[in-house]
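Please read all numbers here as calculations on a predicted model, not as lab measurements.
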Amino acid sequence: MSRYSANEIEAKWQQSWDQAETFLATRNDDKPKYYVLEMFPYPSGRIHMGHVRNYTMGDVIARYKLATGHNVLHPMGWDAFGMPAENAAMAIGGHPKDWTYSNIADMRNQMKPLGMSIDWSREFATCDPEYYGQQQALFLDMMEKGLVYRKNAIVNWDPEDMTVLANEQVEQGRGWRSGALVERRELTQWFFKISDYSDELLSALDGLDDWPAKVKLMQANWIGKSRGLQFGFERVDGGDPIEVYTTRPDTLMGASFVGISPDHPIAKHLEKNNPALAAFNIEARKGGTTEEAIETAEKLGFDTGLRVRHPLNPNWELPVWVANFILMDYGTGAIFACPAHDQRDLDFCRKYDLPVTDTFFALDDNTPVDRTAFVPPKTEKVNWVNHFAGLETATGQEAIDLTIDFAETAGWGKGVTQYRLRDWGLSRQRYWGCPIPVVHCADCGVVPENKQNLPVQLPDDVSFDMPGNPLDRHPTWRNCACPNCGNDALRETDTMDTFVDSSWYFIRFTAPRADTPTDRDEANYWMNVDQYIGGVEHAILHLLYSRFFARAMQITGHLEEKSSEPFNALFTQGMVTHEIYQTRKAGDTKARPIYHLPEEVKDGKLIATGETVEIIPSAKMSKSKKNVVDPISIIATYGADTARWFVLSDSPPERDVEWTASGAEAAYRHLNRVWNICDRVGTMDKTALGSGDDDLLRAMHKTIHDVTMGVETFGFNAAIAKLYGFTGILQKSKAGYTAQHEAIKTLAQLMAPMTPHLAEEIWAHQGGIGLIANAPWPVADPAMMVEDSVTLPIQINGKRRAEITVSKDLGKAAIETIALGEPAVIKALAGGAPKKVIVVPGRIVNVVV
RNA sequence: GCGGGCGUGAUGGAAUGGUAGACAUACCAGACUUAAAAUCUGGAGGCCGUAUGGCCGUGCGGGUUCAAGUCCCGCCGCCCGCACCA
């Protein structure tokens, strides 16, 4: 009897696939193409279980599509620019480039043993000059088409380190290194005109039938289309009117004050001669730039002293306040506040003792607003007590529409469609990113670099021993000739957001070595991505930016129109979680917990000391909590097939899966069991007859059907449950050799997408022809799946009370007769007639008494 | 604060509006063994009952339906995203 030895067979079959070039993507007009892609990884240096899960799902699809007769493209690359490389250089010295490429080499070495069906010949990293040079070419093309511009924008500024901070470098309003209070500061930065596509990006979501509804909803909310009224408040002092935008113009008679952003031009103008306001604005600009930080900060205001006239009553004057919660980026940067019908405005007015006027009441309740604002529902009628447009009762939506019409007719306002989506700020004041290929010339201004000078390469001789961007202080790199006039000029030192890198890499995979951004013919053949798989954390930004880029690349002539929505189907997988083990210093429940790796713990105790650990429920694997399991050690212990099988088996793919040692062992035991069956069948007498051949083959065909459905619908855990079931049947089967031989070969084929190495080994052992990776997917024979009889539950008043077994073809009336003859039914009827009998053939019978 | 998601046995989870708990873990019992490991077989939502069986049960409270984990309304709890992390 031979034993299952994962390490031996996995290396062997990986070599076979390499030699046969099984996974090289090839064009072949006889077959349809299929492009499956997992979101490419950041090269941190270590693969983690989340990667294993993500790539295994993609691999299941890729191998299944190969078996069902497709030309499969399944590439891999590296999202290699970004801050961690610079942080490493600052923390431990060295160069971001060396750190990144060495991490890539390490991670590739860790990934290959997983046995993924990846076409490695197409691999690239976004930090390769060959890649980012093409990205620069693309940028210049986008510039030419007016999709790029510069404007001022706000950044997190660390006043001590004199540097721009990323949101993640701001901790509780302070810089992570310096600890200084972070300020918001304006800088001239580069932007993509994604807002030109707001409506298009919103409406095209409708066509994305194979995207999760929740992702489409999140994107729609992010784009945030709204219809409202824009109008000006006349200033009492005769200055330019203050333009406001509101989505609830119907509450205009409840206006209490006009609020402007601390960054509003009027606020900035007034602060010059008003030290108290200047101080307020400085204070308001402290804190992070995230929407969350701004929204959750204490609401503060400052009365500017300006007064404006209410548009419906020129004698009604309203004060103008600067408020820290008003964003300059949204609408006009100015609002009117209606405290009675907006909680934030109400809180603000109560705090500063501003008037509160009700304009709407619920139909059955006209209690004036006190501490809780009454927001008139858009679809329910309410009383409009302070109405001005003609209706006494209206739904919120009717009131809004009517007000807009009213204002337009009267000529003091206009209906405006607004989007929450802002233009994409792509400037980063950092070294390790794609240089923005423009030059600043004293005479010619901002000039694009000549395409023949691309790539504008990052200089290697930089250091990270002082704060700020090394490109800014580089002695020679900044100085260059103006591409236009040839005079001395300065290079742009901002680099691109790494989201730019990831917005078109999937298109580059179709022709990764082309000397233009795309090879139109290759892109046309392989695009779109048929199935994209990744984490839901990318549901908004990465996917929205990629959708924008696909349109931009069409406009710049790099992509066909059919690819303006580049991802046909999207799947968002859940995380891999693990329990957290912690101890605290004896007797000190307030001491900082000490975390322990799972391998240091057995049966709830530390292996080393026997100390009992506290078990915190499962959470996302993270180094800081030490609740991580290293795929490399799992592969060393059990093999890649076990890891792959387990990450698919225990939870539905879109949900989190909890890694448990016992679950991994169970997966390993199961693969051993399958191998043992294979071994046993291999030793059977080839002419042996047995009993139950039909039962085995019927189960086999049902399993083919169920597993195929499972793979097609991302029901991997359900498919695996069916495979467990069938394995159990095969294990106990007394069928003859021919049936068992067919069953084990089919089992191997059905398992091949998940556990490809074991499947190849079984295939070879059972005399299969060629590689199982190339064998056509088994097809279920419907005739072989039919059971002759079916068991129906009998319900009485919706509760199951009995069951009957009848022929599958039996008609409704006959089923009803049999059901009514059941003792439980007779007892329940107690001689009376049933009120109603519902018969759902093949499903259920419900008798209502 | 805003937006999104999720709540089912001890645990992970299954269930086109149609037998709730498939499959797996942990647990218990049995077989094999001198013993252990490995392997195999069986049990099991809770409560009551020797048992046939009965009652309860999918976060909480209502509703629709012959029938609700699933659909609707209102709560509670947890998780994720919020534009310079990738």
Item to check | Which nucleotides of RNA chain B pair, in dot-bracket form (Watson-Crick or G-U under 3.5 Å, | meaning another strand) | outcome: (((((((..(((.....[....))).(((((.......))))).((((....))))..(((((..]....))))))))))))....

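Nucleotides B:rC76 and B:rC27 have their P atoms positioned 39 Å apart, rounded to a whole Å. Taking atom C1' on both nucleotides, B:rG69 is separated from B:rG18 by 13 Å, rounded to a whole Å. With both ends at atom C1', the span from B:rG17 to B:rG12 equals 26 Å, rounded to whole Å. Look at the C1' atom in both B:rG59 and B:rG5: the space between them is 16 Å, to the nearest Å. Taking atom P on both nucleotides, B:rG43 is separated from B:rC23 by 11 Å, rounded to a whole Å. Nucleotides B:rU16 and B:rA10 have their P atoms positioned 24 Å apart, rounded to a whole Å. Across B:rA51 and B:rG13, the matching C1' atoms stand 33 Å from one another, rounded to whole Å. The C1' atoms of B:rC48 and B:rU34 are separated by 45 Å, rounded to the nearest whole Å.
The aromatic ring centres of A:Tyr131 and A:Tyr505 sit 6.0 Å or more apart.
Scored by the side-chain contact (heavy atoms from CB on, under 4.5 Å) test, A:Asp472 finds A:Asn469, A:Arg478, A:Thr493 as partners (sequence neighbours excluded). Checked against side-chain contact (heavy atoms from CB on, under 4.5 Å), A:Lys732 has no partners two or more places apart in sequence or in another chain. Looking at residues two or more places apart in sequence or on another chain, you find a side-chain contact (heavy atoms from CB on, under 4.5 Å) between A:Asp656 and A:Met575, A:Thr577. With sequence neighbours excluded, no residue forms a ring pair (Phe, Tyr, Trp, His ring centres under 6.0 Å) with A:Tyr330.
A:Asn152 and A:Gln189 form no side-chain donor-acceptor contact under 3.5 Å, judged by distance and modelled atom types alone. Under the 3.5 Å distance criterion, with hydrogens and angles disregarded, a donor-acceptor pair is assigned to the side chains of A:Asp497 and A:Trp424.
Shown here, B:rG54 is classed anti by the O4'-C1'-N9-C4 or O4'-C1'-N1-C2 angle, which is more than 90° from 0.
In this structure, A:Arg420 satisfies the cation-pi test against A:Trp222, with its NZ or CZ atom closer than 6.0 Å to the six-membered ring centre and inside 45 degrees of the ring normal.
Within the nucleic acid shown, A:Glu579 has no heavy atom closer than 4.0 Å to any nucleic acid atom. If you check every strand for non-hydrogen atoms under 4.0 Å, A:Pro652 touches sugar and phosphate atoms only. The residue A:Phe499 sits close to a base: some heavy atom pair falls under 4.0 Å. The residue A:Trp222 sits close to a base: some heavy atom pair falls under 4.0 Å. Counting non-hydrogen atoms under 4.0 angstrom, A:Val847 reaches nothing in the nucleic acid. Within 4.0 Å of A:Glu803, counting heavy atoms only, lies at least one base atom of the nucleic acid. Contact annotation for A:Lys799: backbone-only contact, meaning every heavy-atom pair under 4.0 Å involves sugar-phosphate atoms and none involves a base.
Only one option out of A:Phe646, A:Tyr638, A:Tyr724 pairs with A:His670 in a ring-ring contact (aromatic ring centres under 6.0 Å, His included); it is A:Tyr724.
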Next on the checklist: Run the side-chain contact (heavy atoms from CB on, under 4.5 Å) test on A:Val629 and A:His578 for me, step by step, so that the C-alpha distance in whole Å, both residues' side-chain angles and the decisive distance to 0.1 Å come before the verdict.
Outcome noted: CA-CA 8 Å; A:Val629 175; A:His578 198 286; 3.6 Å; yes

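The nearest heavy atom of RNA chain B to A:Asp650 and to A:Ile844 marks one nucleotide each, and the one closer to the 5' end goes with A:Asp650.
When RNA chain B is scanned in the 5' to 3' direction for atoms under 4.0 Å from non-hydrogen atoms of chain A, the outermost contacting nucleotides are B:rG1 to B:rA86.
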